[in-house]
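First the proteins, then the strands, lettered A, B, ... as listed; each starts at 1.
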Amino acid sequence: MKITLKLFATLGVYLPTHATGNVVELDVPEGTTPDEVIDRLDVPGDLVHLVLLNGVYLDKNQRSSRVLKPGDAVAIWPPVAGG
Amino acid sequence: MAWAKKILRVNLSEGSVKSEPLNMEWAQQYLGQRGLASKYLVEEIDPKCDPLGPDNKLIFTTGPLTGTMASTGGRYSVVTKGPLTGAIACSNSGGYLGAELKMAGWDMIIFEGRSPEPVYLYISNDKAELMSADGIWGKSVWAADKIIRAKHQDPQIRIACVGRSAEAGCFYSAIINDLHRAAGRSGVGTVMASKNVKAVVCRGTQGVGNIKDPMAFMKATEEGKKVLRENAVTGAGLPQFGTQVLMNVINETGALPTRNMQEVQFKGASKISGEAMHEPRKSDGKPNLTTNAACFGCTIACGRISTIDKTHFSVENKPQYWGNSGGLEYEAAWALGAATGVDDLDALTYANFVCNEDGLDPITFGATVGAAMELYEKGAITKQDTGGIKFKFGKAEVLTKAVELVAAGEGFGKDLGLGSKRLCEKYGHPELSMSVKGQEFPAYDPRGIQGMGLAYATSNRGACHLRGYTVASEVLGIPEKTDPLVTEGKAGLVKAFQDATAAFDSAGICLFTSFAWSLDDVAPQIDAACEGGWSTEKLLELGERVWNMEKEFNLEAGFTKADDNLPPRLISEAAGSGPAEGKVNELDKMLPEYYAARGWDEQGVPTADTRQRLGLS
Ligand code: SF4
């Protein structure tokens with residue numbers, strides 16, 4: 001199934017080369033969790049700080065337990081803030 | 001103690017300057033900067049006075065840590081009654097002027113009255129004098145800065161200046177120091193120009209030597225710096241991407257107010273984001289962002305220094321804009337971009353440069369352009385009103401023309417200089433002004449971040465993100481994650497953020513330290529510098545006292561519960577996309593809880609018990 005992955009700020013370097021901007025569409029097996037997507041792209045765990053699934057925050061437990069659905073968008077940031 | 005214990009009182013009507021001792025009893029209750037200067041303002045002016053009349057006062061104020069070795073200890077604030085809002089105003093700025101003022105030996109400058117002729121204040125340590133502003137009045141901040149430097153022949157002077165917009169009476173003019181740092185909001189620059197004061201020029205060589213316990217202070221400030229260094233946000237995130245990293249975060253969260261808050265997500269967000277500022281341009285291969293930069297004594301360095309593509313339409317044949325200058329911060333990029341639907345990064349950067357060049361608050365400016373675009377869309381204003389400009393959402397040329405007109409106070413720029421509230425009232429659609437107490441919202445839609453709705457509605461200086469930044473908790477999880485879509489617990493959260501922020505703002509340090517520091521990190525630094533036993537508890541109480549004092553000023557100025565409100569759009573038109581789809585802001589649920597948490601009555605008035613507990617006489 002296809003999902004969208006967005007890696008922002010310093011995580012952009014972990015995107016596959018065919019990504020445009022900070023976004024890439026990925027083909028993943030049914031039953032994949034956000035953590036498995038993160039592993040697949042070798043994003044270091046300690047840089048994964050803010051994870052949004054379709055814009056909604058996922059805490060650490062949900063990242064390994066939530067099963068992705070076709071068309072889901074996962075967006076990830078290292079520790080960032082502003083204001 | 002780190003206070004200089006001296007105030008410079010400038011009576012502009014008489015043309016006199018005199019030194020007076022700082023009220024140390026008040027310093028124990030209000031610490032410095034926002035708290036202490038607000039105390040002076042509250043004691044010295046009639047809250048009902050005309051903000052642009054001679055009875056208003058304008059206070060430049062430092063905090064006890066300003067000019068010291070504490071990280072980010074370079075802040076100053078400008079406190080006055082704001083013309084945009086009619087409420088108490090306090091605008092905080094970084095750069096180098098605040099530290100210079102302190103090192104010249106002054107805690108505060110209080111301007112009163114009105115000068116018969118345009119003047120500027122020149123301070124060199126103990127000496128202060130009013131000088132004629134002939135030759136700089138009528139000039140932009142950048143032009144005046146050059147002339148002043150040439151005249152004084154001292155490369156080390158620091159300058160805070162107002163631009164042509166303030167002289168023309170734009171209601172949201174800023175005071176710009178060090179060319180691109182701003183005491184930005186509520187029209188503090190307009191007040192300065194109304195007093196016929198063009199600039200404050202300062203040179204201080206005395207240092208800040210009177211620290212209570214220098215050894216303990218060195219230790220406490222070093223520990224504070226270590227915390228900032230080791231924290232991933234203040235040690236890496238902010239220096240690399242600045243505040244602009246939020247553009248994509250808030251857009252994904254579905255809380256990026258777009259096209260005058262008609263929508264909550266902006267298709268062009270990624271094009272104007274912090275990430276986009278790092279992308280090499282096609283024309284010259286250089287990115288928009290040149291480097292980051294720091295204010296005085298800051299070990300975070302979140303500032304942005306940018307260039308505009310020389311071939312971009314906004315700067316064609318205008319070499320004065322080809323060099324490096326202060327680049328986009330998140331709030332400015334949002335207001336100039338998403339609020340107007342413009343996704344051209346260089347056009348936004350140009351508009352930002354002009355806001356600095358002529359002293360405009362980019363938040364209110366951008367939001368007002370957004371409101372004008374909606375008025376145009378609805379047919380409430382036409383090309384006849386705009387001087388022939390088709391004021392359409394998304395048009396970069398409209399944005400860049402608009403900023404030039406407001407900067408110079410010309411044509412439709414005069415209308416835009418009213419701010420969105422007065423503009424929308426003038427053209428018969430008050431409901432289209434996205435503001436609270438007359439001040440425009442910053443970059444967070446309260447339908448997608450519920451706590452921010454309460455923070456905006458209750459902010460003492462009108463809609464503002466820097467009075468209670470619950471985004472930190474609701475979106476970023478600092479210090480703890482809360483759900484942005486629920487109202488439960490938000491009254492207490494908003495109060496906690498508001499009180500802590502008032503303490504940070506009274507110390508002389510930057511609020512951005514609070515992404516890593518709690519008041520437990522701040523208290524030892526203040527306590528080592530200042531007499532009075534400054535514990536976390538004392539700081540929190542100080543914050544609450546300051547908040548209540550500001551609130552009482554506003555009540556006396558004529559504000560009521562009806563002003564603790566949001567525009568109808570945000571409480572009746574649901575968000576159309578993203579996680580908040582179908583939601584409005586539920587302010588009515590949060591406001592009564594908030595008043596109760598504050599110890600205020602149902603009308604939002606502090607009770608006698610609350611006043612007594614906080615020592616408010
Ligand atoms: S964190 Fe940014 S705004 Fe604050 S003092 Fe440092 S450079 Fe200035």
* Asked: So, for L50(A) and V475(B), which heavy atoms are closest and what is the spacing to 0.1 Å?
  -> CD1-O, 3.5 Å
Write out all chain A-chain B donor-acceptor pairs shorter than 3.5 Å, or none if the list is empty.
from, atom 1, to, atom 2, distance (Å)
K6(A), NZ, E252(B), OE1, 3.4
K6(A), NZ, E252(B), OE2, 2.7
A9(A), N, E275(B), OE2, 2.8
G82(A), O, Y469(B), OH, 3.3

* Against chain A, label L476(B) side chain, backbone, both or neither, depending on which of its atoms sit under 4.5 Å from a heavy atom there. => both
* Could you tell me which residues satisfy ring-ring contact (aromatic ring centres under 6.0 Å, His included) with F512(B), sequence neighbours excluded, listed by chain and number? => F515(B)
* Identify which part of V471(B) has an atom lying under 4.5 Å from any heavy atom of chain A, answering side chain, backbone, both or neither. => neither
* Structure fact -> Counting heavy-atom pairs under 4.5 Å with chain A, the top scorer among A580(B), A255(B), P579(B) is P579(B)
* Can you tell which part of A75(A) gets under 4.5 Å to a heavy atom of chain B, answering side chain, backbone, both or neither? => side chain
* **Under 4.5 Å from any heavy atom of chain A - which part of I478(B)** => side chain
* Asked: What are the two closest heavy atoms between A81(A) and V233(B), and how far apart are they?
  -> CB-CG1, 3.5 Å
